[in-house]
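Before any comments, here is the structure.
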Amino acid sequence: MSFNLCLLFLVLHLPAAVHGVDRYTREDFPVDFVFGSGTSAYQYEGAAFKDGRTRSIWDTYAHSGHTNGAHGDVACDGYHKNKDDIQLMVAMGLEAFRFSISWSRLIPNGRGPINQKGLQYYNNFIDELISHGIQPHITLHHMDLPQALQDEYGGWLSRKIVKDFTAFADVCFRNFGDRVLYWTPVNEANVFAVGGYDQGIIPPGRCSARTSCSCGNSSIETYIVGHNILLAHSAVVRLYREKYKATQKGYLGFNIYTVWYEPYTNATEDVLATQRANDFIIGWLINPLIFGDYPEIVKKNAQTRIPTFTKHESEQIKGSIDFIGVNHYATAYVKDNSSLLEMDNREFSADMAAQITGAQSDTPPDMYPVLPSGLYGVLDYLKQVYGNQPIYVHENGQRMRRNGTLNDTPRVEYFHAYIGSTLDAVRNGSNIKGYFAWTFLDCLELLDGYESCLRLLLCRSG
Ligand SMILES: *[C@@H]1O[C@H](CO)[C@@H](O)[C@H](O)[C@H]1NC(C)=O
Ligand SMILES: *[C@@H]1O[C@H](CO)[C@@H](O)[C@H](O)[C@H]1NC(C)=O
Ligand SMILES: *[C@@H]1O[C@H](CO)[C@@H](O)[C@H](O)[C@H]1NC(C)=O
Ligand SMILES: *[C@@H]1O[C@H](CO)[C@@H](O)[C@H](O)[C@H]1NC(C)=O
Ligand SMILES: *[C@@H]1O[C@H](CO)[C@@H](O)[C@H](O)[C@H]1NC(C)=O
């Protein structure tokens, strides 16, 4: 998922020199380091209404005019063409593949009976990957909650989600866990909560501004959703550790969207604002997983609008990760704006008390500037702040306007530079276990529909 948490863009002139090793080969990485690529169910599978699948909140969002008519009804048609795709993965030399399970395909009502056709689809896909020597890495929720649960109790806004999500995970572990070692319960939890409930620009499209959202409350819902995601994630991890870990021996991680933040100036206020941006975008959800509670500044600025953990919940959440999944695309600049704290009923982004502006160099506005020091910065920051947890770079890639050409030189340059900075971080002691390029095939993008793409392959040949 390519997604920018910054709404404003400002042109800054950046030095052309690029940080990062320039010459490297596969052999420079540790032997157990994996290279892969990935997709998500709604962006890849298609067959949206086939063989018993029901709507998710992403189907609903895409079909209500938010994405210029782009939707995933057919998408890459992976539901029918995945065997061909696995041949392409083999030809590319992928060692691992990251994909998500469509909850509403596997359990159409969100809870209750399993859809046998859905079960068969995922079983076949996993078997086919493994028989070609490709390691499956599975995400359980990639922005696609079953619409049935959204309608019934408001989805992630309700604590009822914890029980249903854990039961869904149980079905996945029971049926696929004999062959799958790497699990990420929730993709980009921070983007899902902020984009879906503060800004209203991704499913389920809720926010306070009635001009863009028909319902929602940006000053409280983002925090409630983040809280429920942590409760649900940790309940799933507890289930796995109690019931499956001894026999299946797998690993569970938490995935976040990261931006590398640079202070806009060297003034103390901007340096502190940059730390706040890290505390809100990364620390908000990662601190509880490592230390058992939200960062002090988040609690202070969100006041009573952020829920609190009981002692028991805090103990369950603390330590409930085996790795951190990092999605990274871009660098941004942070400028203090403490006057935002004077607003009543302020929203998540105002609690941060900062203005965030995207970095641009001479790169065309619809592409990411090539700043691999940003990925290095994120990896080094996570190492230093969170005690060098194992990390997978789950998503990284260049966004380009779809123009029907295979002339992908800018994308090659982007990957070359960012993989180089990953190697730099490995060499400076970061515990990085793998790198996944986003995305395997040209697919539906959340914010751009089919207008832009981050693909490795333009299309299947033949
Ligand atoms: C959001 O919730 C807060 C706290 O309950 C309330 O004071 C505020 O009026 C609500 N805002 C909207 C837009 O509903
Ligand atoms: C901040 O200070 C550093 C070191 O003195 C300097 O390299 C950098 O250009 C300064 N940044 C800004 C935005 O002034
Ligand atoms: C701070 O935020 C307020 C409210 O959004 C805005 O009016 C003001 O221009 C911002 N100040 C700066 C320096 O960006
Ligand atoms: C397609 O877009 C890329 C990136 O913007 C650009 O480098 C390339 O020249 C474009 N090709 C055509 C045929 O427009
Ligand atoms: C390398 O890692 C060490 C230890 O975490 C850290 O202090 C240092 O700043 C890092 N070096 C660079 C160049 O980032």
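Looking at residues two or more places apart in sequence or on another chain, you find a side-chain contact (heavy atoms from CB on, under 4.5 Å) between His80 and Ala47, Lys50, Asp77. Judged as a side-chain contact (heavy atoms from CB on, under 4.5 Å), and not counting sequence neighbours, the contacts of Lys160 are Tyr153, Ser158. Scored by the side-chain contact (heavy atoms from CB on, under 4.5 Å) test, Pro307 finds Tyr223, Ile224, His227 as partners (sequence neighbours excluded). Considering only residues two or more places apart in sequence or on other chains, Gln87 meets the side-chain contact (heavy atoms from CB on, under 4.5 Å) condition with His132. With sequence neighbours excluded, the residues satisfying salt bridge (Lys or Arg N to Asp or Glu O under 4.0 Å) with Lys311 are Glu315. With sequence neighbours excluded, the residues forming a side-chain hydrogen bond (donor to acceptor under 3.5 Å, both in side chains) with Thr60 are Arg55, Gln147, listed by chain and number. Annotation: salt bridge (Lys or Arg N to Asp or Glu O under 4.0 Å) contacts of Glu313 (sequence neighbours excluded): Arg159. Under the salt bridge (Lys or Arg N to Asp or Glu O under 4.0 Å) criterion, Asp279 pairs with no residue at all, not counting sequence neighbours. Shown here are the salt bridge (Lys or Arg N to Asp or Glu O under 4.0 Å) partners of Asp127, two or more places apart in sequence or in another chain: Arg179.
Close placement of the His233 and Phe254 rings is indicated, their centers lying within 6.0 Å of each other. Aromatic rings from His137 and Phe97 are positioned such that their centres are separated by 6.0 Å or more. Phe99 and Tyr44 have their aromatic ring centers separated by at least 6.0 angstrom. Taking the six-membered ring where the residue is Trp, the centroids of Phe168 and His141 are separated by 6.0 Å or more.
Judged as a salt bridge (Lys or Arg N to Asp or Glu O under 4.0 Å), the pairs with a partner in residues 201-212 (not counting sequence neighbours) are, in order, Arg206-Glu221. For residues 339-348, every residue pair satisfying the salt bridge (Lys or Arg N to Asp or Glu O under 4.0 Å) rule, not counting sequence neighbours, is listed here: Arg346-Asp351.
Residues Ser40 and Gln43 bring a donor and an acceptor atom of their side chains to less than 3.5 Å of each other. A donor-acceptor contact under 3.5 angstrom links the side chains of Glu188 and Asn327, judged on distance only. Using modelled atom types and a 3.5 Å distance limit, the side chains of Asn255 and His394 yield a donor-acceptor pair. In the model, Asp170 has a side-chain atom that pairs as donor or acceptor with a side-chain atom of Tyr244 under 3.5 Å. Side-chain atoms of Tyr414 and Asn396 include a donor-acceptor pair closer than 3.5 Å.
For Phe35, the CZ atom sits in a packed shell: over 12 heavy atoms of surrounding residues, nucleotides or ligands are nearer than 6.0 Å. Within 6.0 Å of atom NZ in Lys163, 12 or fewer heavy atoms from other residues, nucleotides or ligands are found, so the atom counts as exposed in its surroundings.
Residues Asp144 and Ser56 come closest through the heavy atom pair O-CB, 3.4 Å. Tyr329 approaches Tyr418 most closely through the heavy-atom pair O-OH, 3.8 Å. Across every non-hydrogen atom of Gly46 and Ala75, the tightest pair is N-CB, 3.9 Å. Heavy atoms only, all atoms of each residue included: Pro369 and Thr363 are closest at CA-OG1, 3.4 Å. Scanning all heavy atoms of the two residues, the minimum distance from Ile324 to Ile256 falls at CG2-CG1, 4.5 Å. In terms of heavy-atom proximity, Pro136 sits nearest to Ile126 at CG-CG2, 4.3 Å.
Here the straight-line distance linking atom OG1 of Thr222 with atom OH of Tyr197 works out to 9.5 Å at 0.5 Å rounding.
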Next on the checklist: Between Leu181 and Gln248, does the side chain to side chain contact (heavy atoms under 4.5 Å, CB included) criterion hold? Intermediate values first, please.
Outcome noted: CA-CA 7 Å; Leu181 290 174; Gln248 298 187 353; 5.8 Å; no

Item to check | Verdict with supporting geometry, Phe165 and Trp156, ring-ring contact (aromatic ring centres under 6.0 Å, His included) | outcome: CA-CA 10 Å; Phe165 187 60; Trp156 289 98; 5.3 Å; yes

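The main-chain N or O of Gly110 is found under 3.5 Å from a side-chain atom of Trp103 such that the two form a donor-acceptor pair.
When each of Tyr251, Phe176, Phe436 is checked for a ring-ring contact (aromatic ring centres under 6.0 Å, His included) with Tyr182, only Tyr251 meets the rule. In summary, of the residues considered (Asn187, Thr184, Thr39), a side chain to side chain donor-acceptor pair (under 3.5 Å) with Arg98 occurs for Asn187 alone.
Aromatic ring orientation, Tyr121 versus Tyr79: tilted (interplanar angle from 30° to 60°).
Salt bridge annotation for Arg53-Asp59: present, with a cationic side-chain nitrogen under 4.0 angstrom from a carboxylate oxygen.
At a threshold of 4.5 Å between non-hydrogen side-chain atoms, the residues Trp58 and Leu145 do not count as touching. Ile321 places none of its side-chain heavy atoms less than 4.5 Å from the side chain of Leu252. Within the 4.5 Å cutoff, the side chain of Val326 has heavy atoms near those of the Leu382 side chain. Taking 4.5 Å as the limit, every side-chain heavy atom of Thr331 sits out of range of all side-chain heavy atoms of Val259. By the 4.5 Å heavy-atom criterion applied to side chains, Tyr42 and His71 are counted as neighbours. Using a 4.5 Å heavy-atom cutoff, the side chains of Ile202 and Met143 are in contact. The shortest side-chain heavy-atom distance between Ile356 and Met352 falls under the 4.5 Å cut-off.
A cation-pi arrangement, defined by a distance under 6.0 Å to the six-membered ring centre and an angle within 45 degrees of its axis, is absent between Lys318 and Phe309.
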Kindly list each side-chain donor-acceptor pair under 3.5 angstrom involving residues 283-293, sequence neighbours excluded, with atom names and distances?
residue : atom : partner : partner atom : Å
Asn287  : OD1  : Tyr386  : OH           : 2.5
Asp293  : OD2  : Lys299  : NZ           : 2.6

